[in-house]
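Only one structure is covered here, and it is reproduced in the block below.
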Amino acid sequence: MILITGGAGFLGSNIAARLCADGHDVAIADRLGHGDKWRNIAKRPVTDIVAPQDTLDWIVRHADDLVAIIHMGGGASTAGTDVDLILSRTNHLSRAIWDLCARSEIPFIYASSAATYGDGAAGFDDDAAPQALARQHPLDPQGWSRLLFDRFVARQIARRLASPPQHVGLRFFDVYGPNEYHKAGWQSVPGRMYEAVAAGAPVTLQPAHDAARGAQPCKRDFVYAKDCADVVSWMVEHPDVNGLFNIGTGKARSFTDVALALHATLGCKPDIRFLDTPEAIAAQPSNEARIDRLRAAGYTRPFTSVEDGIADYVQTHLARPDRYL
């Protein structure tokens, strides 16, 4: 059995769908609340749903049955201001699960974030050496908390302290795809653009160097959620792989590229207007995952292009009455 914390969330539910398709028994630890988040896992034959506050006790009781723990929980908004809550969800809980996995020899795969790179001035190299991590300066509490845990893992490994038999950290870049609908205003850029176009509104973007050519200073590594789930599935099947890995396509694309791909998929004339750069975007003007280490570890599957990813997202999910994976 595999436990996915945050398994009813955006990325967690994509991973749950993939692991169930692989034939694994999957249990989920998450908060479902009062909205439609439950629909993210309604199609999956999950074996158990665990309340977050019961997660550690549940792991202890089921340790002999677990073949891996996929720790995707703790996804507070990057705009969150309760730093104590963020630390509790993304750092303290991660350390507690790490200790249980080390004690019971359970493989441990966890979510880090590209937010750990801050403004990107030091690059986007997923070097897990303690000295490399010390050069990174996140701009928000969520990124800082994720980095704290990455540094904890690096110290454990460097000092040969107790560690799970497999320990993998995944630094996700700009993920988009199905089952993000409960995130409301914090949906991905493609998700928010689709809502605008479907409502007949123009897509508004930050200014371009050359608006006529769409040459923008701000580019992001947009990675499809189903590709992220493929990576996690591959990690589960390769328990000898350890380390910290960027999860992105390795190719940054402009927001204009995303908007044009969306309009092309919908078969409508592009309506794009350029506004002042939002502060949140300007803080990390661009990002592009270096995926050399992932490739060197043996992961050779291609990543989906923005054009193909958006086409699948729209045609298979967003434009259908049932949008859920």
Side-chain angles (χ1 to χ4, degrees), residues 9-11 13-14 17 35-37 39-40 43 77-78 114 172-230 247-282 284-289 302-325:
F10 168 36
L11 193 47
S13 64
N14 275 265
D36 286 338
K37 188 177 177 181
R39 294 185 183 278
N40 287 349
K43 299 177 183 177
S77 162
T78 55
F172 296 103
F173 277 64
D174 284 50
V175 186
Y176 67 96
N179 290 8
E180 61 172 328
Y181 322 118
H182 65 284
K183 294 166 65 72
W186 294 102
Q187 290 186 52
S188 68
V189 169
R192 295 198 305 272
M193 284 187 183
Y194 175 83
E195 296 298 332
V197 175
V203 170
T204 55
L205 303 177
Q206 75 283 1
H209 288 311
D210 181 351
R213 297 183 180 180
Q216 292 173 286
C218 180
K219 295 184 178 182
R220 296 294 183 87
D221 195 332
F222 297 100
V223 58
Y224 199 28
K226 294 180 183 181
D227 288 347
C228 297
D230 284 347
I247 306 301
T249 66
K251 182 176 177 57
R253 301 291 298 273
S254 73
F255 285 50
T256 299
D257 289 338
V258 174
L260 292 175
L262 180 60
H263 284 92
T265 297
L266 293 172
C268 57
K269 183 179 179 180
D271 186 1
I272 303 171
R273 302 178 189 180
F274 295 96
L275 303 177
D276 290 338
T277 304
E279 183 179 348
I281 293 176
Q284 191 179 79
S286 295
N287 66 36
E288 183 175 88
F303 284 91
T304 307
S305 69
V306 161
E307 289 78 11
D308 290 343
I310 288 177
D312 182 75
Y313 188 17
V314 171
Q315 295 168 358
T316 309
H317 302 284
L318 290 174
R320 295 193 174 187
D322 181 357
R323 302 182 296 173
Y324 292 89
L325 180 66

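Because the structure is a prediction, the values reported are computed rather than measured.
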V197 vs H263, test: side-chain contact (heavy atoms from CB on, under 4.5 Å). Steps then yes/no.
CA-CA 8 Å; V197 175; H263 284 92; 3.8 Å; yes
Supply the atom-to-atom distance [X] [atom1] to [Y] [atom2], rounded to the nearest 0.5 angstrom.
| X | Y | atom1 | atom2 | result |
| --- | --- | --- | --- | --- |
| N40 | Y324 | CG | OH | 6.0 Å |
| L262 | E307 | CG | CD | 11.5 Å |
| D312 | H317 | CG | NE2 | 5.5 Å |
| Y194 | R323 | OH | CZ | 8.0 Å |
| K219 | E288 | NZ | CD | 8.5 Å |
| L260 | S254 | CG | OG | 7.5 Å |

Got a sec, which residues hit salt bridge (charged side-chain N to carboxylate O under 4.0 Å, His left out) with K43, two or more places apart in sequence or on another chain?
D322
Residues which pass salt bridge (charged side-chain N to carboxylate O under 4.0 Å, His left out) with D230, listed by chain and number, not counting sequence neighbours
R18
Closest heavy-atom contact between [X] and [Y]?
| X | Y | answer |
| --- | --- | --- |
| A261 | I310 | CB-CD1, 3.9 Å |
| D221 | G250 | OD2-N, 2.9 Å |
| F10 | N14 | O-ND2, 2.9 Å |
| A196 | P202 | CB-O, 4.1 Å |
| L325 | K226 | CD1-CE, 3.8 Å |
| S188 | Y176 | OG-CB, 3.2 Å |

Between D36 and H182, is there a side-chain heavy-atom distance shorter than 4.5 Å?
no
Do K37 and N179 have side-chain heavy atoms sitting under 4.5 Å apart?
no
Single hit among F173, F255, F303, Y313 for ring-ring contact (aromatic ring centres under 6.0 Å, His included) with F222:
F255
Indicate whether any N or O donor in one side chain lies under 3.5 Å from an N or O acceptor in the other, for N287 and D174.
yes
Side-chain donor-acceptor pair present, T304, D308, cut-off under 3.5 Å
no
Spell out, as yes or no, whether a donor-acceptor pair under 3.5 Å connects the side chain of R220 to the backbone of S286.
no
Decide side-chain hydrogen bond (donor to acceptor under 3.5 Å, both in side chains) for Y181 and E195; before the verdict, give the C-alpha distance in whole Å, the side-chain angles of both, and the deciding distance to 0.1 Å.
CA-CA 11 Å; Y181 322 118; E195 296 298 332; over 6 Å; no
Candidate pair D271 and R273, rule side-chain contact (heavy atoms from CB on, under 4.5 Å), full reasoning:
CA-CA 7 Å; D271 186 1; R273 302 178 189 180; 3.5 Å; yes
